[in-house]
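The structure appears right after this line, and notes come after that.
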Amino acid sequence: MHTDDFTELLNPLNAAQREAVTAPLIPLLILAGAGTGKTRVLVHRMAWLIQSGQTRPHNLLALTFTNKAATELQNRIGRLLNNPASGLWAGTFHGIAHRLLRIHWADANLPQSFQILDSDDQLRTIKRVVRALQLNEKTWIPKQIQSFINKQKEQGLRANHVVAGDNTWLRQISIIYAAYEEICQKSGLVDFSELLLRTYEMLRDNPEILNHYRYRFQHILVDEFQDTNTIQYLFLRLLAGQHNHLFVVGDDDQSIYSWRGANIANIQQFPQDFPKTRLIRLEQNYRSTQTILAVSNALIRKNKERLGKELWSEGDKGVPVTLYRAFSETDEASFIVHRIQQWKGQYSDIAILYRTSAQSRVFEEQLLVKGIPYRIYGGMRFYERAEIKDALAYLRLIKLRNDDVAFERVINTPKRGIGEKTLEQIRSQARRHGYSLWQATLSLINEQGLNTRSINLLQAFLSHIEQLTEQTQSLSLARQVKYIIDYSGLIEHYQKEPKEEAQRRLENLDELITAAHQFTDSGKDGLDPLTDFLAHAALESGEGQANKFDDCVQLMTLHLSKGLEFDTVFLCGLEEDLFPHQNSIKEGNLEEERRLCYVGMTRARHHLILSYTESRYQYGSRISCRASRFLNEIPRELLEETRLCTPTTPVYEFLTSPTLIAGQRVKHEKYGEGIVLGLEGEGNLTRIQIQFLKTGLKWLVAAYARIELID
DNA sequence: CCGTTTTCGGTTTTT
DNA sequence: CCGAAAACGG
């Protein structure tokens, strides 16, 4: 495997990158600015360690935050080495933690078939706990409790670690936390933060296991280090011990997830915790024009809490950064859409970035009207949809009878006449005896502690699950999934919904079967395929981050844009109280808002267009806005203000012809052929819902829609 | 047990 | 204002 010829490995690197890649085996902290080749450095470092004979893929552990990043690392290292680099572990913190728990489930005090709770499952569980403790949900708000619990876990704190003192609020909330912990433990359920905490504790308390992994993972590489939370950092320190080699890459200026527990202090703390750390800065940017970098640098320089870094480029000065001042959010959108219409390149090279997802609506409306293809990122993901979670709940119950969350989800879905009253009796039975809901139901049936009707219904439900378990026992994964969907009654259940909705749900269920079919069971660590698939559904809930397969204008929040780049970036809504957001101003998180703005700006390769509006519709009333303070922090000479170049008020035409009725076949120049499903509104506000054969369901404004009727 | 009325909250969301 | 979720009512 190793050779003395490193030209291919080192040639594509600049001096700083090369220094990082070839640095000796000491703790390394690489401060990599936006667009400075951070992934490249990570990949080349691994390749260097292997090719120089210092280590084998087997001894490497690479940690990321997103599955996308993990896959990219894995692929790029494979390409660079001309070898899939098996033996190398590259994954998200959660993914790796999960993998360790699957292997060492017994030492982690978990059942072998433990299941993962996503945030939605977690919230439902907390609601149940609050109700079980007979607390008022208005005072003990489940969302707040969820965030409290996660914050504790992210710091490595269990319920019994919370020091309440005479703080009654804290005391009550830690009682809820403890009750939640108990339910999860009884049911064999692990939430996202628990994956990390449990793994940390398991390693800490089992020296022989810890030593085994310390011996194995002699090199630990971390991507996006600025996003690590406390428990992740503790995990790293524990695993690295005194002798292993940490190589962490991050950018304090791009830390935008503190509200999820990310702790920038980890970067500052690193050199102290790991003596002899070498800090290397990557500052040469290969993405943006000098002008864009000048603007971005000027902005981020206003932050006080930073290690300091200044991006530079050998590239062109480029065109000035543009600022547009609009009258209203509609005007802002028309301006941007108009500019997009003049664009000669690919739509997918354009991004519209905004602070809050609510801002996307105006853009969507106008892009739709103009027939410009677009894609909005964020929102409901595949594995988060109700119908998918229902199907998964059946599968979970098959694997793990005690999974209370799955039980609650499907006990009366589809409707089988088991109402809230019966369910409440099951819950109280469970509480009394410390049973799971499944066990409680069994015991209620045995004791004949309910009316005959309920007993029969419950018995039928339990038998149903038992049967499904038996009948899917020897099937392949995809057949198992299909069997469950076909025989759970979910199809009939969803068919009762309005036909539009029903169809979508059934399509999604179909898609789940396809997903199961395509799911290549890693077979890692001897996991059975179904358990592996369920974990995959929870941990890789699908298309979170953007990928531009179709040629569409990309619309997303600034948070979602991190790590991406576009030729042209429209950064809109630069208004005080919106960006920086009023809540962040209130909570003193101004620097993070500024970093967010910096992240947005540094996404652009050639064109950066900033905009704000003087007034905006919010919560039903029009409010007037002031320009964001961030705009004042950019030197005037770097900005070019642009004026209105298109009439704001479009000329309406009445195109709604009486022949336009549901069922009418139509043709659109961009979307192709479709069928009118329905109309909504009046006059020039009429919107038509059309099912296009190729491009799917769309709402068009009749007054604009360039459609022709066909028979 | 379902459909309707009322209430409430509305920043960002890698896993 | 607008959508989701709880509360209500037949």
Side-chain angles (χ1 to χ4, degrees), chain A residues 63-71 91-98 116-124 127 131 137-138 141-143 146-147 150 153-154 190-197 199 223-224 226-229 231-232 254-262 353-361 377-381 383-384 386 412 415-422 496 535-546 556-564 573 577-587 589 592-593 595-597 599-600 616-623:
Chain A
L63 293 159
T64 65
F65 279 85
T66 64
N67 292 297
K68 195 180 169 212
T71 318
T92 63
F93 276 94
H94 292 85
I96 297 293
H98 171 250
I116 301 168
L117 292 191
D118 67 17
S119 331
D120 179 62
D121 293 333
Q122 184 185 37
L123 186 60
R124 285 163 186 271
K127 272 187 193 162
R131 280 173 202 164
E137 282 173 72
K138 302 255 159 72
I141 302 163
K143 273 227 169 71
Q146 178 181 30
S147 122
N150 287 333
K153 290 192 183 190
E154 278 155 14
V190 172
D191 62 49
F192 287 139
S193 352
E194 184 74 26
L195 284 169
L196 303 170
L197 178 52
T199 305
D223 187 21
E224 306 277 17
Q226 78 282 353
D227 288 340
T228 48
N229 61 34
I231 192 72
Q232 286 161 336
Q254 291 188 71
S255 167
I256 55 174
Y257 283 107
S258 75
W259 48 278
R260 289 194 57 140
L353 307 182
Y354 35 80
R355 175 65 238 262
T356 68
S357 16
Q359 290 169 254
S360 68
R361 234 187 70 184
Y377 290 85
M380 187 62 75
R381 299 215 290 262
Y383 288 108
E384 291 168 0
N412 203 30
K415 304 269 181 302
R416 53 185 116 245
I418 302 171
E420 195 51 38
K421 248 184 102 200
T422 313
K496 290 190 191 121
H536 160 85
L539 289 174
E540 300 168 45
S541 47
E543 59 151 85
Q545 281 226 322
M556 66 191 82
T557 61
L558 286 151
H559 282 91
L560 285 176
S561 76
K562 195 173 82 158
L564 305 173
D577 290 346
L578 179 62
F579 192 25
H581 196 276
Q582 52 181 4
N583 295 1
S584 301
I585 301 174
K586 246 192 329 234
E587 290 156 26
N589 295 331
E592 180 148 316
E593 293 284 303
R595 292 194 289 268
L596 192 54
C597 189
V599 165
R616 187 177 283 283
Y617 227 27
Q618 209 176 26
Y619 307 147
S621 52
R622 187 157 281 287
I623 54 158

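The structure presented is a predicted model; accordingly, all values stated were derived computationally and were not measured. Below, chain A is the first sequence line, B the second, and so on; all start at residue 1.
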TODO: Taking atom P in both C:dC2 and B:dT13, compute the distance separating them and give it to the nearest angstrom.
DONE: 22 Å
Open item on the list: Of the options C:dA6, B:dT13, B:dT11, whose atoms approach the side-chain atoms of A:R260 most closely?
Closed with: B:dT13
Task: Side chain of A:F192 - closest among B:dT14, B:dT15, B:dT11 - done: B:dT15
Without decimals, in angstroms, what is the distance between [X] [atom1] and [N] [atom2]?
X	N	atom1	atom2	value
A:Q582	B:dT12	CD	C1'	14 Å
A:R361	C:dG3	CZ	C1'	11 Å
A:H581	B:dT12	NE2	P	7 Å

So does [X] get a side-chain nitrogen or oxygen closer than 4.0 Å to the phosphate oxygens (OP1/OP2) of [N]?
X	N	answer
A:S621	C:dC1	no
A:S119	B:dT15	no
A:R381	B:dT15	yes
A:K127	C:dA6	yes

Task: Residues forming a side-chain contact (heavy atoms from CB on, under 4.5 Å) with A:A535, sequence neighbours excluded - done: A:H98, A:I116
Open item on the list: Once side-chain contact (heavy atoms from CB on, under 4.5 Å) is applied, do any residues pair with A:T92, and if so which ones, sequence neighbours excluded?
Closed with: A:T64, A:N67, A:H94
Identify all pairs in which a protein N or O lies below 3.5 Å from an N or O of nucleotides 8-10 of chain C, and state each distance.
none

Scan nucleotides 5-10 of chain B against the protein and return all N/O pairs shorter than 3.5 Å with their distances rounded to 0.1 Å.
none

Task: Whichever of A:G419 and A:E587 has its nearest DNA chain B nucleotide further upstream toward 5' - done: A:G419
- [ ] Let me see the working for A:D577 and A:R616 under salt bridge (charged side-chain N to carboxylate O under 4.0 Å, His left out), right down to the final yes or no.
- [x] CA-CA 12 Å; A:D577 290 346; A:R616 187 177 283 283; over 6 Å; no
Open item on the list: Only Watson-Crick and G-U wobble pairs, only distances under 3.5 Å, only runs of 3 or more: what stems does that leave for DNA chain B?
Closed with: B:1-10 with C:1-10
Open item on the list: Here's a test for you: under side-chain contact (heavy atoms from CB on, under 4.5 Å), which of A:L564, A:L596, A:T557, A:L558 qualifies with A:L353?
Closed with: A:L558
Open item on the list: Going by salt bridge (charged side-chain N to carboxylate O under 4.0 Å, His left out), name the residues that satisfy it together with A:E593, two or more places apart in sequence or in a different chain.
Closed with: A:R355
TODO: State whether the aromatic ring of A:W259 stacks on the base of B:dT12, taking stacking to mean ring centres under 5.5 Å apart and ring planes under 30° to each other.
DONE: yes
Open item on the list: Heavy atoms only, 4.0 Å cut-off, all strands: where does A:Y257 land among base, sugar-phosphate and nothing?
Closed with: base
